[in-house]
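Since the structure comes first, as structure tokens, the remarks are kept for the end.
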Amino acid sequence: MAFGIIMSIVLVGATGCILGFFLSFMSEKFKVETNPKEEEVLAALPGNNCGGCGFPGCSGCAKAIANGEAPVDQCPVGGAPVAAEIAKIMGVEAEAKEPEVAFVRCNGTCENAKNKYEYSGVNSCSAMALVPGGGPKSCSFGCMGFGDCVEACQFDAIHIVDGISLVDPDACKGCGACAKACPRNIIEMIPKSSTEMVLCRNKNKGKAVMDVCSVGCIACGLCEKNCPSDAIHVVDNIAHIDQSKCTGCGTCVTKCPRKIIHIIGDAPAPADDKAANATA
């Protein structure tokens with residue numbers, strides 16, 4: 001009996017050794033070679049795994065940068081300091097790139113935007129596709145105010161204030177997660193140095209806009225006609241500013257009768273209803 005036990009132990013041990021050698025051989029044979037700089041780049045990245053770089057997390061971004069498939073400033077969260085550190089690792093120069101921030105193109109607050117009915121249900125913007133009329137707000141283009149963008153932001157940079165989303169530009173890292181989460185695409189990524197933005201996305205014509213919101217763009221074109229740098233144009237009944245051309249002169253802000261062109265950092269002025277009715 002003792003002999004049988006000893007043989008069993010020997011067989012188990014031998015089997016373990018054979019399997020160990022086999023696994024070791026196979027792991028070496030099918031080993032995937034990695035770029036030694038990949039780990040260094042990964043260590044330099046902030047580690048938020050927000051996806052703002054366009055890759056599946058920081059590891060995906062590090063791999064792309066190390067293999068030369070992405071620039072050293074691919075991470076929007078890390079900004080210039082991280083780009084400079086990665087540039088040293090890669091032995092290249094980091095190009096100057098202006099950081100971006102998110103901006104909500106809507107001023108449909110509880111006071112400004114009308115409601116079709118009182119809503120009681122799931123607080124989710126994406127769920128409004130299943131709700132009659134696309135949700136309680138009369139404007140089918142504006143912010144619904146249920147906070148999908150707030151849930152998506154890892155940096156506590158966006159909150160629901162007075163029924164609409166509001167971005168804190170100082171806290172925003174420019175990852176774009178809020179913009180991707182918004183089902184109505186009203187959050188735009190703009191250069192941090194931008195001075196003016198249009199707070200509306202309603203593409204309907206004048207009267208239809210005025211019926212649902214007291215401050216919506218009526219496509220009167222006064223901003224476009226008076227802009228000295230050709231930076232603002234009305235397309236699909238909505239004004240939009242080309243930030244690469246905008247000089248921040250403020251002409252469009254003063255000419256807009258609805259006061260929906262916003263100087264970033266200032267409170268929007270009340271709409272000029274008399275002038276708006278005349279141009280509509």
Side-chain angles (χ1 to χ4, degrees), residues 37-67 69-90 94-109 121-129 135 141-194 197 199 201 243 262 264-265:
K37 291 185 178 180
E38 186 177 327
E39 291 188 6
E40 294 182 64
V41 173
L42 180 60
L45 291 170
N48 295 96
N49 293 308
C50 62
C53 59
F55 293 95
C58 291
S59 59
C61 183
K63 183 177 181 179
I65 294 174
N67 292 333
E69 298 170 358
V72 295
D73 60 356
Q74 185 71 21
C75 174
V77 176
V82 169
E85 186 175 349
I86 294 175
K88 289 181 181 178
I89 297 170
M90 296 300 297
E95 295 183 9
K97 184 178 179 181
E98 184 175 2
E100 292 185 327
V101 293
F103 191 91
V104 181
R105 290 190 58 187
C106 181
N107 193 30
T109 61
V122 178
N123 289 332
S124 167
C125 299
S126 57
M128 290 303 104
F141 295 89
C143 178
M144 292 179 275
F146 291 109
D148 286 17
C149 54
V150 177
E151 292 294 325
C153 181
Q154 297 186 23
F155 307 100
D156 195 35
I158 186 167
H159 301 91
I160 303 301
V161 179
D162 197 14
I164 60 172
S165 300
L166 185 66
V167 176
D168 178 357
D170 294 326
C172 179
K173 303 298 183 182
C175 69
C178 59
K180 294 175 184 175
C182 178
R184 288 189 172 174
N185 300 314
I186 63 162
I187 302 178
E188 186 173 339
M189 303 306 297
I190 61 174
K192 202 165 188 176
S193 61
S194 300
M197 279 294 293
L199 276 79
R201 285 278 290 165
Q243 297 297 336
H262 175 55
I264 297 175

Mind checking the CD-OG spacing from E38 to S59? Nearest 0.5 Å is all I need. 7.5 Å
Minimal non-hydrogen separation, S165 against I160, with atom names: OG-CD1, 3.4 Å
Would you indicate whether the side-chain heavy atoms of M128 and P183 approach each other to under 4.5 Å? no
Evaluate the side-chain proximity of I264 to P169: yes if any heavy-atom separation is below 4.5 Å, no if none is. no
Going from CG on N123 to CE on M144, what distance comes out if it is rounded to the nearest 0.5 angstrom? 12.0 Å
Hey, is the main chain of A83 close enough, under 3.5 Å, to the side chain of D73 for a donor-acceptor pair? no
Taking the side chain as every heavy atom from C-beta outward, state whether I190 and V101 have any pair of such atoms under 4.5 Å apart. yes
Heavy-atom distance under 4.5 Å between the side chains of P46 and C75, does that happen here? yes
Shortest non-hydrogen contact between V72 and A87, atoms and distance: CG1-CA, 4.0 Å
Main-chain N/O of I65 paired to Q74 side chain as donor or acceptor, under 3.5 Å: no
Is a side-chain N or O of N49 found less than 3.5 angstrom from the main chain of C58, in a donor-acceptor match? yes
Please give me the minimum heavy-atom distance between C175 and V77, naming the atom from each residue. CB-CG2, 3.9 Å
Would S124 and D148 count as a side chain to side chain contact (heavy atoms under 4.5 Å, CB included) if you check the C-alpha gap in whole Å, the side-chain angles of each, and the deciding distance to 0.1 Å? CA-CA 6 Å; S124 167; D148 286 17; 3.6 Å; yes
Does a side-chain heavy-atom distance below 4.5 Å link N107 with H262? no
Answer yes or no: are there more than 12 heavy-atom neighbours, outside K88 itself, under 6.0 Å from its atom NZ? no
Between C125 and G147 the two heavy atoms that sit nearest each other are SG-N, 3.8 Å
Heavy-atom closest pair (V41 atom, A62 atom, distance to 0.1 Å) is CG1-CA, 3.8 Å
Any side-chain heavy atom of V104 sitting closer than 4.5 Å to one from L166? no
If you round to the nearest 0.5 Å, how far is NZ of K173 from SG of C50? 11.0 Å
For A157 and A171, which heavy atoms make the closest approach, and how far apart are they? CB-C, 3.6 Å
Any side-chain heavy atom of L199 within less than 4.5 Å of one from F103? yes
R201 side chain reached by N185 side chain, heavy atoms, under 4.5 Å: yes
Measuring from C61:SG to I86:CD1, what's the distance to the nearest 0.5 Å? 6.5 Å
Calculate, to the nearest 0.5 Å, the distance between atoms CE and NZ belonging to M189 and K180 respectively. 9.5 Å
Would you compute the distance between atom SG of C149 and atom CD1 of I187 and round it to the nearest 0.5 angstrom? 4.5 Å
Just jot down the side chain to side chain donor-acceptor pair (under 3.5 Å) partners of Q243, sequence neighbours excluded, or say none. S194
